[in-house]
Amino acid sequence: MKIYFCGSIRGGRDDVDLYRKIVQKLQSYGSVLTEHVSSPELTERGEDAAAAGDQAIHDRDVDWLRQSDVIVAEVTQPSLGVGYELGRAVDMKKKIFCLFRPSSGRALSAMIRGAANGDEFVVRDYSEDEVESILEEFFSRLKRTSV
Ligand SMILES: O=c1[nH]c(=O)n([C@H]2C[C@H](O)[C@@H](COP(=O)(O)O)O2)cc1CO
């Protein structure tokens, strides 16, 4: 299974440790195309785009989105890039799972929460200590519905 993980980069790296935990768990279900998003070495300047430029990052990521079987996004830290990826993924009719932490004190964008339909697009409020069990629940349901 190919998994596309979305998390904030230029929107801010406050949650990178959590992204790492999520990606490690996702790797037990399949190959995570965007492992770099969880790298502690990646700063909010983004990947070193000097050689190929932002267009290469964009085109590669849209291509990975097309290839992916499922999209998992940590959406607590607002990020234009993550919002864009989710919009493109909806258009591609991908299965999408968004994770949001209400303890952040933020309110999730209506364009994300309002897109939830409980089936293809799922938004789940959670706290950090339950992240692994939530992913287990999501992937076991995904397996049941895709056989
Ligand atoms: O260097 C990058 N590499 C990259 O893969 N992205 C993608 C993956 C992330 O899920 C998302 C983050 O967007 P943003 O940088 O606007 O927070 O965009 C974004 C950047 C920088 O914008």
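All ligand and atom numbering here is 1-based and tracks the order in the structure.
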Peer 1: Is there a path of hydrophobic side-chain contacts, each under 4.5 Å between heavy atoms of I, L, V, M, F, W or Y residues, that connects Val23 with Val75?
Peer 2: no

Peer 1: In the protein, what heavy atom is nearest to atom 14 (P) of ligand 1, and what distance, to one decimal place, separates them?
Peer 2: Ser79 OG, 3.3 Å

Peer 1: Among the heavy atoms of His36, does any lie under 4.0 Å from an atom of ligand 1?
Peer 2: yes

Peer 1: Transitively linked via ILVMFWY side-chain contacts under 4.5 Å: Leu99 with Val70?
Peer 2: yes

Peer 1: Do Thr76 and Glu74 get their side chains close enough for a donor-acceptor pair, meaning under 3.5 Å?
Peer 2: yes

Peer 1: At a 4.0 Å threshold, what atoms of ligand 1 neighbour a non-hydrogen atom of Gly46?
Peer 2: 1 (O)

Peer 1: Does Gln67 have more than 12 heavy atoms from other residues, nucleotides or ligands lying within 6.0 Å of its CD?
Peer 2: yes

Peer 1: Do ligand 1 and Val37 have nitrogen or oxygen atoms that lie under 3.5 Å from each other?
Peer 2: no

Peer 1: Measure up the His58 and Tyr84 rings against each other and bin them: parallel (under 30°), tilted (30 to 60°), perpendicular (over 60°).
Peer 2: tilted

Peer 1: Using the side-chain contact (heavy atoms from CB on, under 4.5 Å) definition, which of the options Ile57, Thr43, Val16, Val37 pairs with Ile9?
Peer 2: Val37

Peer 1: Taking the inter-plane angle between the rings of Phe97 and Phe138 on a 0 to 90° scale, is it parallel (under 30°), tilted (30 to 60°) or perpendicular (over 60°)?
Peer 2: parallel

Peer 1: With ring centroids as reference points, do Phe100 and Tyr126 lie under 6.0 angstrom apart?
Peer 2: no

Peer 1: Look at atom 11 (C) of ligand 1 and find which of Glu85, Arg10, Arg60 reaches it with the closest heavy atom.
Peer 2: Glu85

Peer 1: Report yes or no: does a heavy atom of Thr34 sit under 4.0 Å from some atom of ligand 1?
Peer 2: no

Peer 1: Closest non-hydrogen protein atom to atom 2 (C) of ligand 1, residue and atom name please, with distance?
Peer 2: Glu47 OE2, 3.5 Å

Peer 1: Can you tell whether the side chains of Glu136 and Lys25 come within less than 4.0 Å, N to carboxylate O?
Peer 2: yes

Peer 1: Please list, in number order, the atoms of ligand 1 under 4.0 Å from a heavy atom of Cys6.
Peer 2: 10 (O)

Peer 1: Give me the residue, atom name and distance of the protein heavy atom closest to atom 19 (C) of ligand 1.
Peer 2: Ile9 CD1, 3.7 Å

Peer 1: Among all protein non-hydrogen atoms, which one is nearest to atom 16 (O) of ligand 1, and what is the separation to 0.1 Å?
Peer 2: Gly81 N, 2.9 Å

Peer 1: Under 4.0 Å from a heavy atom of Ser8: give me the atoms of ligand 1 that qualify, with their elements.
Peer 2: 17 (O)

Peer 1: Quick one: which ligand 1 atoms are inside 4.0 Å of a heavy atom on Asp61?
Peer 2: 4 (C), 5 (O), 6 (N), 7 (C), 8 (C)

Peer 1: Among all protein heavy atoms, pick the one closest to atom 12 (C) of ligand 1 and tell me residue, atom and distance.
Peer 2: Gly7 O, 3.3 Å

